[in-house]
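Here is the structure we will look at, set down as structure tokens.
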Amino acid sequence: MKRAVCPGSFDPITFGHLDIIKRASNHFDQIFVAVLENRTKSSLFTVAKRIEMIRETVADLPNVIVDSWSGLLVDYCKGNSITTIVKGLRAVTDFDYELQMAQLNLQASGVETMLMATAPAYSFLSSSIVRELAHYGGDVSSMIPPNVNTAIKLRVGGK
Ligand code: PNS
């Protein structure tokens, strides 16, 4: 069984993430969407809430499993017999970081990384842009699934 992981902070999941997850799910038997803590970022949603929102969003994708992990990504891969990491590449600005992570993870464990070109419609999109816009009352409904839009309005409205 060919298994891959789409890792990320997903704080929150965007249409850009969803596009990568859907396209990746066509190429593997199982896709694990793993919510990981990024220690360089402060979070808007708890990991449990992020998982809940992602599960609702991928409910129509039968080979997608949503999970979380608080250690190294390569250890998660090893523990779940995952051979491949799939990440979206939006622009050249993503490249240095993603290349470094891919090479590190390959060297550390032999896990391959496949960088999938983001659909052009989402090349500007990031969770941090969504958080920033939402914080100032901007309309993010074209960037995130409806359940996430509802949750973010409640979250920033209640700050
Ligand atoms: O969505 P993000 O924040 O760009 O995702 C980054 C993430 C969570 C995939 C990355 O920080 C990660 O892999 N964290 C897990 C810890 C790890 O394995 N770090 C790499 C070695 S330093």
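This chain uses plain numbering: 1 for the first residue, then up along the sequence. Both counts, for ligands and for their atoms, begin at 1 and track the order of listing.
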To which protein heavy atom is atom 19 (N) of ligand 1 closest, and what is the distance rounded to 0.1 Å? Leu72 CD2, 4.2 Å
How far is atom 18 (O) of ligand 1 from its nearest protein heavy atom, and which residue and atom name does that atom have? Leu73 N, 2.8 Å
So, does Asn63 use its side chain to make a donor-acceptor pair with the main chain of Ser25 at under 3.5 Å? yes
Nearest to atom 14 (N) of ligand 1, what protein heavy atom do you find, and at what distance? Glu37 O, 4.1 Å
Tell me if a side-chain donor or acceptor on Asp11 pairs with a main-chain N or O of Leu44 at a distance below 3.5 Å. yes
Polar contact flag, side-chain donor to acceptor under 3.5 angstrom, Asn147-Glu56: yes
Assess whether a salt bridge exists between Arg3 and Asp29, defined as any Lys/Arg side-chain N lying under 4.0 Å from an Asp/Glu carboxylate O. no
Starting at OG1 of Thr118, measure out to NZ of Lys87 and round the result to the nearest 0.5 Å. 11.0 Å
Student check: side-chain heavy atoms of Thr113 and Val86 closer than 4.5 Å: no
Quick test of your reading of the model: are Glu52 and Arg55 salt-bridged, counting only N-O distances below 4.0 Å? no
Report the nearest protein non-hydrogen atom to atom 1 (O) of ligand 1: residue, atom name, distance rounded to 0.1 Å. Ser9 N, 3.0 Å
Under 4.0 Å to a heavy atom of Tyr97 - the qualifying atoms of ligand 1, by number: 6 (C), 10 (C), 11 (O)
Go through ligand 1 atom by atom and flag the ones less than 4.0 Å from a non-hydrogen atom of Lys87. 9 (C)
Would a search of protein heavy atoms around atom 12 (C) of ligand 1 find one under 4.0 Å away? no
Arg50 and Glu37 ion-paired at < 4.0 Å: yes
At a non-hydrogen distance cut-off of under 4.0 Å, which region of Val74 contacts ligand 1 (side chain, backbone, both, or neither)? neither
Contact check, Arg39 vs ligand 1, heavy-atom distance below 4.0 Å: no
Name the closest protein heavy atom to atom 4 (O) of ligand 1, giving the residue it belongs to and the distance to 0.1 Å. Lys41 NZ, 3.7 Å
Check whether any side-chain heavy atom of Ile85 sits under 4.5 Å from a side-chain heavy atom of Met114, and report yes or no. no
Give the numbers and elements of all ligand 1 atoms closer than 4.0 Å to a heavy atom of Gly71. 15 (C), 16 (C)
Closest approach of any protein heavy atom to atom 20 (C) of ligand 1, naming residue and atom: Met101 SD, 3.7 Å
Using the side-chain contact (heavy atoms from CB on, under 4.5 Å) definition, which of the options Thr14, Ile152, Val156 pairs with Val140? Ile152
Check if Ala108 has a non-hydrogen atom at a distance under 4.0 Å from any atom of ligand 1. no
Nearest-neighbour protein heavy atom for atom 8 (C) of ligand 1, which is reported as residue plus atom name and distance: Leu36 CB, 3.6 Å
What is the closest protein heavy atom to atom 21 (C) of ligand 1, and at what distance does it sit? Leu104 CD2, 3.4 Å
